[in-house]
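Notes for the one structure printed next.
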Amino acid sequence: METNKESRYEEENKLILSYLAEQDLKKKYAAILANEHNVYREKQPVIEKRKHVSWLKYAAAGILIIASILVSNHFLREVTPQQMALENIRNTQILGDPSSMRKDNAYVEQMRIEANYAFINKNFDESIRLFHQIVNSDKVDNVDYFYLGVSYLKGSNPQAKAAIDAFDKIAPNSVVVEETKWFMALAYLFDGDNQTAKTLLNEIITAKSFKHREATELIRAL
């Protein structure tokens with residue numbers, strides 16, 4: 001009787017072990033099918049993928065809503081003529097080396113070299129100091145006044161009136177006359193004299209001179 005029980009338990013153990021081995025084999029083959037052949041026997045991965053796609057969809061919608069709010073705020077915010085002038089002053093790039101616009105570079109002294117270096121490196125407060133000394137010397141020319149005026153506008157504390165005063169000293173036949181008119185218009189605009197600024201901008205547009213496209217956009221915005 002006892003022998004029959006042991007025999008039956010052994011038989012049951014074999015069946016259990018066989019069943020477990022079969023389940024392990026199924027899992028192994030399922031993993032191979034999924035990883036190497038992209039074949040899934042269960043629906044769970046598909047459900048997870050759909051959830052992932054749904055999450056991405058909501059995230060994209062949220063980003064679009066935030067972007068639309070930011071764009072709306074940008075266009076609803078009033079931009080003053082002074083802000084437009086300052087933006088154009090900062091964005092207008094001119095020749096990198098002030099000395100390159102001079103007719104005669106042979107007499108350039110150490111102070112002018114230092115002023116040029118300060119301007120190139122956007123140290124405008126220092127270039128104001130140096131160019132101011134140069135324009136009070138006996139070796140001044142139109143380009144010195146031009147870069148002094150631009151430095152006044154681009155400095156840490158923009159000084160429109162000082163810039164206009166420097167630009168006024170530039171001769172009408174100077175090599176920088178076109179650039180001067182553009183910065184002069186911006187200086188007047190920054191100083192609040194919109195009418196004089198518009199007159200100069202219209203002259204730039206008519207002559208199709210330096211920055212005439214930007215002048216057209218600025219006139220439309222005023």
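Below, all heavy atoms of this structure are taken into account, side chains as well, without hydrogens, waters or symmetry copies.
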| message | Treating N142 as the side-chain partner and A171 as the backbone partner, does any N or O pair qualify as donor plus acceptor under 3.5 Å? | response | yes
| Under a 4.5 Å cut-off applied to non-hydrogen side-chain atoms, are D168 and M184 in contact? | yes
| field | Spacing of F124 atom CZ and S156 atom OG [to the nearest 0.5 Å] | value | 10.5 Å
| query | Same hydrophobic cluster for L86 and L218, using side-chain heavy-atom links shorter than 4.5 Å among ILVMFWY? | reply | no
| note | One should read off an interatomic distance between N88 CG and L201 CG, to the nearest 0.5 angstrom, of 9.0 Å
| query | Distance-only, no hydrogens or angles: does the Q83 side chain make a donor-acceptor pair with backbone N or O of T80 under 3.5 Å? | reply | yes
| request: Give, for atom OG of S127 and atom NE2 of H132, the distance between the pair rounded to the nearest 0.5 Å. | output: 12.5 Å
| field | Worked verdict on R90 versus K154 for side chain to side chain contact (heavy atoms under 4.5 Å, CB included) | value | CA-CA 7 Å; R90 289 170 176 168; K154 287 179 173 283; 5.5 Å; no
| query | Is there a donor-acceptor contact under 3.5 Å from the side chain of D144 to the main chain of D141? | reply | yes
| message | Given 3.5 Å as the limit, does a donor-acceptor pair link the side chain of Q159 with the main chain of Y152, or not? | response | no
| same_hphob_cluster(F183, I205) at 4.5 Å side-chain heavy-atom cutoff | yes
| query | Taking the side chain as C-beta and beyond, is there a heavy-atom pair between I113 and Q110 under 4.5 Å? | reply | yes
| request: Could you tell me whether the side chain of N121 and the main chain of N123 form a donor-acceptor pair under 3.5 Å? | output: no
| Among the clusters formed by ILVMFWY side chains lying less than 4.5 Å apart, do V140 and Y147 turn up in the same one? | yes
| message | Does any part of the side chain of I170, heavy atoms only, come nearer than 4.5 Å to the side chain of V176, both counted from C-beta? | response | yes
| request: Could you note down all residue pairs passing side-chain hydrogen bond (donor to acceptor under 3.5 Å, both in side chains) where residues 182-205 supplies at least one of them, sequence neighbours left out? | output: T92-W182, K161-D191, K181-E203, D193-T196
| task | Could you give me the CA-CA distance, side-chain angles and deciding distance for I204 and F210, then say whether side chain to side chain contact (heavy atoms under 4.5 Å, CB included) is met? | result | CA-CA 7 Å; I204 292 170; F210 179 75; over 6 Å; no
| query | Ring centroid separation for F167 and Y145, is it under 6.0 angstrom? | reply | no
| query | Rounded to the nearest 0.5 Å, how far apart are OG1 of T180 and CD1 of I164? | reply | 12.5 Å
| query | Taking side chain as C-beta onward, heavy atoms only, is F131 less than 4.5 Å from N116? | reply | yes
